[in-house]
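See structure below.
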Amino acid sequence: MKAVVMISPGTPEVLQVQQVADPVIENDREVLIRLKAAGVNPIDTKLRTRGTLYPDKMPAILGCDGAGIVEAIGKNVQKFQVGDEVYFCNSGIGAAPGNYAELAVVDERFVENKPSSLSFVEAAAAPLVLITAWESLYDRGKLQAGRKVLIHGGAGGVGHVAIQLAKLQGAEVATTISSKEKSDFVKSLGTDLAIFKNEDFVKVVLDWTNGEGVDLAFDTIGGKVFYDTIPAVKVYGDLVTILEPDTSLGNLKVARQRNLRIGLELMLTPMTKGLMEAQEDQAKILQQCRRLFDQGKLKIHVNRTFALDDAIEAHRILEAGSMLGKIVLTI
């Protein structure tokens, strides 16, 4: 099959289009999927730059998100038949081949039926950001109806899904953005308050909440933003981040004084730790989101698509930053 292979850590140029052996079903509950599209996520560019989590298994095929058609099934597969349209988040971190390829073999327990209302491209853009936003807001942040939420980077891949999930839960949402185009975009998703990056977002949030701060802040940017957000969260509130806090940029003194609950979200943990049940739980999130997509209550925004052969350019665009929505490789 044709695949994009990462030959070593480095710049986008380490990605090479090659012919590699087709993956084969080795477990009775695995399915062989003919991929139609693969999502491109920031974790892909980070692994490409720094090296995968399994450096002894190079070269590697990146790409956690995939969507396609079931081409063959193991003898004990229960959920799927040949011809079923599916989407999933699995592999792509170096332990096993990812989805920048024509074929993938995945345990059926980590796969869900593709939302019928989505194209393969849209479906491939969705899994990682859906799981990340869902776990951050609902599991880490314990979001409830009537709460006020601050979501950083609301026009991005995770952010634009998080806005919708927060609104579905009955929350009021403020989000930070960097342009008029992004302001219009997040408002179309139901955002109650869009805050431009040149504004003092803490002051704006405190004004919005009558000086109390938000019940939950969701940091998708990291760096100094994480520490700057602390005074914007109410006493006994929640601050969830998808980035590792950089201790050289601040401390948690004010967070402790405000008795904040800090949540650290990494949706890759089930994969890296081999937690089968947790991976099944993540697939159940995709199952619930499938219903939301098909009911018209949730949507995914694909900003740009690239052919598999153009993965280098897709990585360049993503690393340039300020992305609205998602990038997808078509296969």
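All residue numbers refer to positions in the sequence shown, counting from 1. Everything numeric in this text was worked out from a predicted model, so none of it was measured.
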TODO: Dump the intermediate steps for salt bridge (Lys or Arg N to Asp or Glu O under 4.0 Å) on Glu71 and Arg34, then the final yes or no.
DONE: CA-CA 6 Å; Glu71 191 157 286; Arg34 174 71 60 178; 3.0 Å; yes

For a quick test of reading the model, state the closest non-hydrogen atom pair linking [X] to [Y] and the distance between them.
{"X": "Val105", "Y": "Pro23", "value": "CG2-CB, 3.7 Å"}
{"X": "Leu329", "Y": "Ala307", "value": "CD2-O, 3.9 Å"}
{"X": "Ile25", "Y": "Gly74", "value": "CD1-N, 3.8 Å"}
{"X": "Gly66", "Y": "Leu35", "value": "CA-CD2, 4.1 Å"}
{"X": "Tyr87", "Y": "Asn113", "value": "CE2-O, 3.4 Å"}

From [atom1] ([X]) to [atom2] ([Y]), nearest 0.5 Å:
{"X": "Gln257", "Y": "Asn259", "atom1": "CD", "atom2": "CG", "value": "10.5 Å"}
{"X": "Asp65", "Y": "Asn90", "atom1": "CG", "atom2": "CG", "value": "10.5 Å"}
{"X": "Lys273", "Y": "Leu275", "atom1": "NZ", "atom2": "CG", "value": "8.0 Å"}
{"X": "Arg147", "Y": "Asp238", "atom1": "CZ", "atom2": "CG", "value": "8.0 Å"}
{"X": "Leu308", "Y": "Leu15", "atom1": "CG", "atom2": "CG", "value": "10.0 Å"}

Open item on the list: With salt bridge (Lys or Arg N to Asp or Glu O under 4.0 Å) as the criterion, how do Lys79 and Glu108 come out once you've worked through the C-alpha distance, each side chain's angles and the decisive distance to 0.1 Å?
Closed with: CA-CA 7 Å; Lys79 290 172 58 177; Glu108 68 162 339; 6.0 Å; no

- [ ] Could you list all the side-chain hydrogen bond (donor to acceptor under 3.5 Å, both in side chains) pairs where at least one residue sits in residues 221-230, not counting sequence neighbours?
- [x] His152-Thr229, Lys224-Asp228

Are the side chain of [X] and the backbone N or O of [Y] linked by a donor-acceptor pair below 3.5 Å?
{"X": "Thr176", "Y": "Gly153", "value": "yes"}
{"X": "Gln282", "Y": "Met267", "value": "yes"}
{"X": "Asp184", "Y": "Glu181", "value": "no"}
{"X": "Lys114", "Y": "Leu118", "value": "yes"}
{"X": "Asn303", "Y": "Leu324", "value": "yes"}
{"X": "Thr132", "Y": "Leu128", "value": "yes"}
{"X": "Thr175", "Y": "Gly154", "value": "yes"}
{"X": "Thr241", "Y": "Leu243", "value": "yes"}
{"X": "Asn99", "Y": "Cys64", "value": "yes"}
{"X": "Asp44", "Y": "Asn41", "value": "yes"}

May I ask you to decide whether [X] forms a salt bridge with [Y], counting only side-chain N to carboxylate O separations under 4.0 Å?
{"X": "Lys234", "Y": "Asp215", "result": "yes"}
{"X": "Arg48", "Y": "Glu319", "result": "yes"}
{"X": "Glu30", "Y": "Arg109", "result": "no"}

- [ ] Check whether any side-chain heavy atom of Leu266 lies under 4.5 Å from a side-chain heavy atom of Thr269, and answer yes or no.
- [x] yes

Open item on the list: Do Arg29 and Gln78 have side chains that approach each other closer than 4.5 Å (heavy atoms only, starting at C-beta)?
Closed with: yes

- [ ] Carefully, step by step, assess Val111 and Phe80 under the rule side-chain contact (heavy atoms from CB on, under 4.5 Å).
- [x] CA-CA 9 Å; Val111 181; Phe80 301 105; 3.7 Å; yes

Open item on the list: We want to know whether Lys197 and Ser179 form a side-chain donor-acceptor pair, criterion being a heavy-atom distance below 3.5 angstrom.
Closed with: no

Open item on the list: Assigning hydrophobic clusters by single linkage (Ile, Leu, Val, Met, Phe, Trp, Tyr; side-chain heavy-atom cutoff under 4.5 Å), is Leu239 placed with Trp134?
Closed with: no

- [ ] Indicate, with yes or no, if Tyr138 and Leu292 share a hydrophobic cluster defined by side-chain heavy-atom contacts under 4.5 Å among Ile, Leu, Val, Met, Phe, Trp and Tyr.
- [x] yes

Open item on the list: Checking Thr330 against Phe120 for the side-chain contact (heavy atoms from CB on, under 4.5 Å) test, could you report, in this order, the C-alpha distance in whole Å, the side-chain angles of both residues, the deciding distance, and whether it holds?
Closed with: CA-CA 9 Å; Thr330 58; Phe120 284 110; over 6 Å; no

Please tabulate, for the side chains in residues 164-174, all donor-acceptor contacts under 3.5 angstrom to protein atoms that are two or more places apart in sequence or on a different chain.
unit_1 : atom_1 : unit_2 : atom_2 : d
Gln164 : OE1    : Lys299 : N      : 2.8
Gln164 : NE2    : His160 : O      : 2.9
Gln164 : NE2    : Lys299 : O      : 2.9
Lys167 : NZ     : Ala171 : O      : 3.3
Lys167 : NZ     : Asp192 : OD1    : 3.4
Lys167 : NZ     : Asp192 : OD2    : 2.9
Gln169 : NE2    : Leu143 : O      : 3.1

